[in-house]
Amino acid sequence: MAVINFGGVDENVVTREEFSLEKAREVLKNEVIAVIGYGVQGPGQSLNLRDNGFNVIVGQRKGGKTWDKAVADGWVPGESLFEIEEACKRATIIQYLLSDAAQIEVWPRIKPYLTAGKALYFSHGFAITYKERTNIVPPADVDVIMIAPKGSGTSLRTMFLEGRGLNSSFAIFQDATGKAWDRVIALGIGVGSGYLFETTFKREVYSDLTGERGTLMGAIQGLLLAQFEVLRANGHTPSEAFNETVEELTQSLMPLFAKNGMDWMYANCSTTAQRGALDWMGPFHDAAKPVFEKLYAEVACGNEAQRSIDSNSQPDYREGLNKELKALHDSEMWRTGAVVRKLRPENN
């Protein structure tokens with residue numbers, strides 16, 4: 001494990017150069033990895049593990065859409081695809097990749113198969129960090145580890161197929177066997193991580209919940225919508241408002257500052273853009289920071305987790321969610337976006 005300086009702060013990092021795929025295969029050569037859940041993270045992680053040569057099976061409820069999806073992806077019922085309990089019984093490492101709400105519901109069926117020496121693997125710190133609320137308390141004689149890819153399972157798989165890696169954090173909550181570190185790093189390499197950086201279950205879930213509600217989804221939608229609405233209210237057409245708000249950001253600027261950094265973007269735009277951006281980043285920062293501080297406080301005290309648990313456990317949760325998502329889909333900004341995307345050159 002290397003110590004890398006990030007902006008003046010030293011962090012523990014593991015790269016694929018120092019912990020090779022061959023080493024990962026050697027560490028896990030006698031392990032059976034069961035991926036439980038085939039929704040957001042399950043497909044990408046299980047397929048990458050399979051393609052990388054690990055002994056991996058999938059556990060999923062038979063008869064559902066995700067079971068059929070697993071079959072379509074090449075998992076064979078009775079050979080590499082099983083009901084959840086059977087997969088857990090066969091496994092030495094259980095990758096618990098169901099949604100947070102489903103993890104709570106299914107936990108009583110998983111726990112009996114967590115016998116001494118096995119490993120319980122998460123890709124999110126939610127269940128363990130808020131264990132008083134989720135009632136997910138692993139036995140003391142199993143390893144409890146986490147690999148959290150910094151992106152969706154779809155991105156993890158796409159980047160793997162392109163020969164790239166998606167960075168992931170790793171954490172060890174419980175080392176019962178003395179080999180938790182080797183196990184978690186080998187799994188991180190196996191699922192297709194770029195580099196691995198060390199965290200804790202608590203830090204992962206605090207940063208993840210803040211990020212999802214902040215710049216990754218909640219804040220970005222709020223900012224985009226506010227600018228779009230102001231432009232529309234001042235007579236700009238939907239196409240112009242969308243292009244200036246979303247299209248230029250995602251299609252032109254995002255790839256550039258992802259590659260080179262925001263400082264590079266500031267140095268390589270017009271002097272008019274530079275002056276305006278420098279002048280206005282302060283007011284936006286000052287307006288947004290109190291919201292982020294409130295958000296982080298709600299995450300840290302558990303209120304945000306409890307809201308998610310309460311909401312997602314309702315029998316009509318999916319119906320209510322679909323209504324909210326439909327309202328987002330049907331808004332003028334995203335109806336305009338659908339037209340703009342169709343007009344992109346690659347779609348014509």
Quiz item: When you check the gap from the basic side-chain N to the acidic O, do D51 and R157 get nearer than 4.0 Å?
Solution: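 Answer for the salt bridge query: yes.
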Self-check item: side-chain contact (heavy atoms from CB on, under 4.5 Å) between V71 and W75, intermediate numbers included
Solution: CA-CA 5 Å; V71 172; W75 302 100; 6.0 Å; no
Quiz prompt | S193 side-chain N/O to L196 backbone N/O, donor-acceptor pair under 3.5 Å | solution = no
Quiz item: Mind checking whether F170 and I145 have side chains closer than 4.5 Å, heavy atoms only?
Solution: no
Exercise. Measure the CG-CE distance between L120 and M146 for me, rounded to the nearest 0.5 Å.
Key: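 Here the interatomic distance stands at 12.0 Å.
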Quiz item: Is there a donor-acceptor pair under 3.5 Å between the side chain of Q60 and the backbone N or O of Y38?
Solution: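 At least one qualifying donor-acceptor pair exists.
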Quiz item: Donor-acceptor pair, K118 side chain versus A91 backbone, under 3.5 Å?
Solution: yes
Practice problem: Decide yes or no on side-chain contact (heavy atoms from CB on, under 4.5 Å) for I172 and V144, but give the supporting numbers first. | Solution: CA-CA 6 Å; I172 299 170; V144 182; over 6 Å; no
Practice problem: Establish, for the pair R275 and W280, whether the NZ or CZ atom is under 6.0 angstrom from the six-membered ring centre and no further than 45 degrees off its axis. | Solution: no
Quiz item: Are K23 and E18 close enough for a salt bridge, meaning some N to O gap below 4.0 Å?
Solution: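 No.
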Self-check item: Distance-only side-chain donor-acceptor flag, E204 / S169, under 3.5 Å
Solution: no
Practice problem: Any chance you could lay out the salt bridge (Lys or Arg N to Asp or Glu O under 4.0 Å) test for R90 and E86, step after step, and finish with the verdict? | Solution: CA-CA 6 Å; R90 291 170 177 259; E86 181 63 23; 2.8 Å; yes
Quiz prompt | Nearest-0.5 Å distance, OG of residue S80 to CZ of residue R50 | solution =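 Separation between the atoms: 7.0 Å.
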Quiz item: Hey, are the side chains of L161 and M159 touching, using non-hydrogen atoms and a 4.5 Å cut-off?
Solution: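 A side-chain contact under 4.5 Å is absent here.
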Self-check item: Check: F126 ring centre within less than 6.0 Å of Y130 ring centre
Solution: yes
Self-check item: Residues V35, I57; criterion side-chain contact (heavy atoms from CB on, under 4.5 Å); working and verdict
Solution: CA-CA 6 Å; V35 175; I57 60 177; over 6 Å; no
Quiz item: Taking C-beta and beyond as the side chain, do Q95 and I36 meet within less than 4.5 Å on heavy atoms?
Solution: no
Quiz item: If only atom types and distance count, is the side chain of S331 paired as donor or acceptor with the main-chain N or O of L328 below 3.5 Å?
Solution: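 Present.
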Quiz item: Taking atom OH of Y266 as the centre, does the number of heavy atoms from other residues, nucleotides or ligands within less than 6.0 Å exceed 12?
Solution: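 Yes, enclosed.
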Practice problem: State, to 0.1 Å, how close P138 and I136 come at their nearest heavy-atom pair, and which atoms those are. | Solution: CD-O, 3.7 Å
Exercise. Can you see which heavy atom on P108 is nearest to which on P112, and at what distance?
Key: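 Closest approach of P108 to P112: O-CD, 3.2 Å.
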Practice problem: Name the orientation class of the two ring planes belonging to Y96 and W107 (parallel below 30°, tilted from 30 to 60°, perpendicular beyond 60°). | Solution: tilted
Self-check item: R335 bridged to E332 by N-O distance under 4.0 Å
Solution: no
Quiz item: Is there a side-chain contact between T215 and I220 (heavy atoms, below 4.5 Å)?
Solution: no
Quiz prompt | F242 and W334 aromatic centres sub-6.0 Å | solution = yes
Quiz item: Judged by modelled atom types alone, do D310 and Q306 share a side-chain donor-acceptor pair under 3.5 Å?
Solution: yes
Quiz prompt | salt bridge (Lys or Arg N to Asp or Glu O under 4.0 Å) involving E212 - partner list, sequence neighbours excluded | solution = none
Exercise. Determine whether the side chains of S155 and T158 contain a donor N or O and an acceptor N or O closer than 3.5 Å.
Key: no
Quiz prompt | R307, CZ: over 12 other non-hydrogen atoms inside 6.0 angstrom | solution = yes
Quiz item: Donor-acceptor pair, S168 side chain versus G188 backbone, under 3.5 Å?
Solution: no
Quiz prompt | Donor-acceptor pair, side chain of N48 and main chain of G192, under 3.5 angstrom | solution =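 No; judged by distance alone, with no hydrogens or angles, the pair does not exist.
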Practice problem: Begin with the C-alpha distance, continue with both residues' side-chain angles, and end with the deciding distance and a verdict on side-chain contact (heavy atoms from CB on, under 4.5 Å) for Y121 and V191. | Solution: CA-CA 12 Å; Y121 166 114; V191 301; 3.9 Å; yes
Quiz prompt | Donor-acceptor pair between Q41 and S123 side chains, under 3.5 angstrom | solution =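 No.
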Quiz item: With a 4.5 Å heavy-atom cut-off, do N234 and V230 have their side chains touching?
Solution: yes
Quiz prompt | Whether over 12 other heavy atoms sit under 6.0 Å from R344 CZ | solution = yes
Quiz item: What are the two closest non-hydrogen atoms of R213 and S308, and how far apart are they?
Solution: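 Heavy-atom minimum between the residues: NH2-OG, 3.3 Å.
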Practice problem: Without swapping roles, check the side chain of S20 against the backbone of E17 for a donor-acceptor pair under 3.5 Å. | Solution: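 No, S20 side chain to E17 backbone: no donor-acceptor pair under 3.5 Å.
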Quiz item: Charged N to carboxylate O below 4.0 Å: is that the case for K62 and E83?
Solution: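 The answer is no: the pair does not qualify as a salt bridge.
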Exercise. Could you grab the distance from atom CD1 of I147 to atom NE2 of H124, nearest 0.5 Å is fine?
Key: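 Output value for this atom pair is 15.0 Å.
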Self-check item: Donor-acceptor contact below 3.5 Å, side chain Y113 vs main chain C88
Solution: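 No; judged by distance alone, with no hydrogens or angles, the pair does not exist.
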Quiz item: So with a 6.0 Å cut-off around NZ of K202, is the heavy-atom count from everything else above 12?
Solution: no
Quiz prompt | Rounded distance [0.5 Å steps], CD in E298 versus CG in L209 | solution =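 If I round to the nearest 0.5 Å, the distance is 12.0 Å.
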Exercise. Examine distances only and state if a side-chain atom of Q174 and a backbone atom of P139 form a donor-acceptor pair shorter than 3.5 Å.
Key: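 Between the backbone of P139 and the side chain of Q174 there is a qualifying donor-acceptor contact (under 3.5 Å).
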Quiz item: Where is the tightest heavy-atom contact between A171 and F201, given as atom of each residue plus distance?
Solution: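 It is CB-CD1, 3.8 Å.
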Quiz item: Quick one: CG on L49 to CD1 on I189, what's the gap to the nearest 0.5 Å?
Solution: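 These two atoms lie 11.5 Å from each other.
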Self-check item: Heavy-atom check, side chain of W264 versus side chain of K259, under 4.5 Å
Solution: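 Sidechains of K259 and W264: no contact.
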Quiz item: Is R183 paired with D143 through a side-chain N to carboxylate O contact shorter than 4.0 Å?
Solution: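 The answer is yes: the pair qualifies as a salt bridge.
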Self-check item: Exercise: identify the closest heavy-atom pair between R61 and W67
Solution: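 In terms of heavy atoms, the two residues are closest at O-CB, 3.5 Å.
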Quiz prompt | Sub-4.5 Å side-chain heavy-atom contact between E248 and N243 | solution = no
Self-check item: Under 3.5 Å donor-acceptor, T92 side chain and E31 backbone
Solution: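 No, because the side chain of T92 does not come within donor-acceptor range (under 3.5 Å) of the backbone of E31.
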Quiz item: Can you find a heavy atom in the side chain of L166 that is under 4.5 Å from one in the side chain of F160?
Solution: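 A side-chain contact under 4.5 Å is absent here.
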Quiz prompt | Distance in Å, L98 CG paired with I84 CD1, rounded so as to fall on 0.5 Å steps | solution = 5.5 Å
Quiz prompt | Presence of salt bridge, E247 and R341, under 4.0 angstrom | solution =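 Not counted as a salt bridge, because no side-chain N and carboxylate O are separated by less than 4.0 Å.
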Exercise. Step through the shown structure and confirm whether more than 12 heavy atoms of other residues, nucleotides or ligands are within 6.0 Å of CD on E198.
Key: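 More than 12 heavy atoms, drawn from other residues, nucleotides or ligands, come within 6.0 Å of this atom.
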